[in-house]
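If you're wondering where the values come from, they're calculated on a predicted model, not measured in any experiment.
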Amino acid sequence: MPSEIIEGVNLLPQVVHRDIRGNLVSFEEFGNAPFFPKRVFVITVDRPGPDRGGHANSCDELISVISGAVTVEVDNGRDCRSVRLEGYDEALWIRAGVMIGLRDFAPGTALLVCASERYEDTRHYDRPRMTMTRALCPA
């Protein structure tokens with residue numbers, strides 16, 4: 001069951017299939033992925049250093065930890081929260097217009113990020129934009 005962190009941000013449980021071969025987590029549209037990803041990218045951090053993000057996007061993003069851990073700061077213009085992601089059994093769904101900051105990376109962290117729009121179709125904003133029209137991001 002998803003839990004709301006603040007308006008526009010939900011923590012989604014992910015099903016981990018475990019057996020003697022290892023673990024498998026899959027992302028399926030409207031199953032455990034709330035939109036069809038048009039872009040998928042990986043962020044890796046070998047050692048703690050500068051923060052990443054610091055902007056709001058015009059599309060939805062789903063952030064999942066592959067290894068390591070990260071603190072995700074979210075701000076919708078009314079509320080701010082920090083969420084520590086430490087495993088691949090949950091993912092953070094961040095709607096368009098919510099500010100995202102990534103900090104306090106554990107050494108060897110790898111994040112899988114799914115976005116609802118291609119990079120060239122995405123806008124970045126230096127403050128929350130919760131009133132932006134959903135037409136920019138049909139997710």
Side-chain angles (χ1 to χ4, degrees):
M1 182 62 106
S3 61
E4 184 174 76
I5 304 301
I6 59 174
E7 183 182 354
V9 180
N10 291 85
L11 192 60
L12 307 179
Q14 301 297 304
V15 176
V16 180
H17 303 278
R18 294 179 169 91
D19 65 23
I20 60 171
R21 300 169 293 174
N23 300 323
L24 180 131
V25 177
S26 64
F27 293 91
E28 296 186 9
E29 180 183 19
F30 305 119
N32 60 341
F35 53 83
F36 178 78
K38 292 187 179 177
R39 180 168 56 108
V40 177
F41 57 98
V42 173
I43 298 172
T44 60
V45 177
D46 293 329
R47 59 187 168 279
D51 297 347
R52 297 190 60 114
H55 58 267
N57 296 308
S58 63
C59 69
D60 289 15
E61 288 189 344
L62 184 69
I63 301 173
S64 182
V65 171
I66 297 172
S67 65
V70 65
T71 298
V72 183
E73 294 180 339
V74 290
D75 177 355
N76 66 9
R78 270 195 322 272
D79 300 304
C80 301
R81 296 284 185 280
S82 293
V83 178
R84 186 74 176 167
L85 295 177
E86 298 180 298
Y88 44 80
D89 60 339
E90 57 191 8
L92 196 61
W93 177 19
I94 304 170
R95 298 327 180 285
V98 174
M99 288 283 290
I100 304 168
L102 305 173
R103 64 177 176 81
D104 298 332
F105 289 90
T109 294
L111 305 177
L112 177 72
V113 183
C114 301
S116 64
E117 294 296 327
R118 296 171 1 137
Y119 184 78
E120 57 266 15
D121 298 328
T122 303
R123 309 285 183 277
H124 302 283
Y125 304 100
D126 60 1
R127 66 186 192 294
R129 305 262 314 228
M130 289 302 291
T131 58
M132 68 188 306
T133 63
R134 299 301 281 176
L136 287 175
C137 180

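Tracing side-chain contacts under 4.5 Å through hydrophobic residues (I, L, V, M, F, W, Y), one reaches Val74 starting from Val70; they form part of the same cluster. Linking ILVMFWY residues whenever their side-chain heavy atoms come closer than 4.5 Å, directly or via other members, leaves Val40 and Leu24 in distinct clusters. Leu111 and Met99 are members of different hydrophobic clusters when ILVMFWY side chains are connected at heavy-atom separations under 4.5 Å.
A salt bridge links Glu73 with Arg103; the closest basic N to acidic carboxylate O contact falls under 4.0 Å.
Here the straight-line distance linking atom CD of Glu28 with atom CZ of Phe36 works out to 12.5 Å at 0.5 Å rounding. To the nearest 0.5 Å, the span separating SG on Cys114 from CZ on Phe27 amounts to 5.5 Å. We find the CZ-OG distance between Arg39 and Ser116 to be 9.0 Å, quoted to the nearest 0.5 Å.
For Glu90, there are no salt bridge (Lys or Arg N to Asp or Glu O under 4.0 Å) partners, not counting sequence neighbours. Contacts of Asp126 classified as side chain to side chain donor-acceptor pair (under 3.5 Å), with partners at least two apart in sequence or in another chain: none. Listed by chain and residue number, His55, Tyr119 satisfy the ring pair (Phe, Tyr, Trp, His ring centres under 6.0 Å) test with His124 (two or more places apart in sequence, or in another chain). With sequence neighbours excluded, the residues forming a side chain to side chain donor-acceptor pair (under 3.5 Å) with Glu120 are Arg118, listed by chain and number. Checked against side-chain contact (heavy atoms from CB on, under 4.5 Å), Asp104 has the following partners two or more places apart in sequence or in another chain: Thr71, Arg84.
In terms of modelled atom types and a separation under 3.5 Å, the side chain of Ser67 and the main chain of Gly108 share a donor-acceptor contact. Judged by distance alone, the side chain of Ser58 and the main-chain N or O of Arg123 form a donor-acceptor pair under 3.5 Å.
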Quick one: side chains of residues 5-15, donor-acceptor pairs under 3.5 Å with protein atoms, not counting sequence neighbours, listed by atom name and distance.
from: Glu7; atom 1: OE1; to: Arg78; atom 2: NH2; distance (Å): 2.0
from: Asn10; atom 1: OD1; to: Arg95; atom 2: NH1; distance (Å): 2.9
from: Asn10; atom 1: OD1; to: Arg95; atom 2: NH2; distance (Å): 2.8
from: Gln14; atom 1: OE1; to: Asn32; atom 2: ND2; distance (Å): 2.5
from: Gln14; atom 1: NE2; to: Leu12; atom 2: O; distance (Å): 3.4

Compile the donor-acceptor pairs under 3.5 Å between side chains in residues 42-54 and protein atoms, sequence neighbours left out, one pair per line.
none

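Applying the ring-ring contact (aromatic ring centres under 6.0 Å, His included) definition to pairs two or more places apart or across chains, none involves residues 59-82. Sorted by first and then second residue, the salt bridge (Lys or Arg N to Asp or Glu O under 4.0 Å) pairs involving residues 13-26 (not counting sequence neighbours) are Asp19-Arg21.
Looking at heavy atoms from C-beta onward, Pro34 lies in side-chain contact with Leu62 at the 4.5 angstrom threshold. In this structure, the side chains of Leu85 and Val72 come closer than 4.5 Å at one or more pairs of heavy atoms. Contact annotation: the side chain of Ile94 approaches that of Ile63 to within less than 4.5 Å [non-hydrogen atoms, C-beta and beyond]. Between Glu61 and Phe41, some side-chain heavy-atom pair lies under the 4.5 Å cut-off. At least one side-chain heavy atom of Val16 sits less than 4.5 Å from a side-chain heavy atom of Tyr88.
Annotation: cation-pi geometry not satisfied between Arg127 and Tyr125 (NZ/CZ under 6.0 angstrom from ring centroid, within 45° of ring axis).
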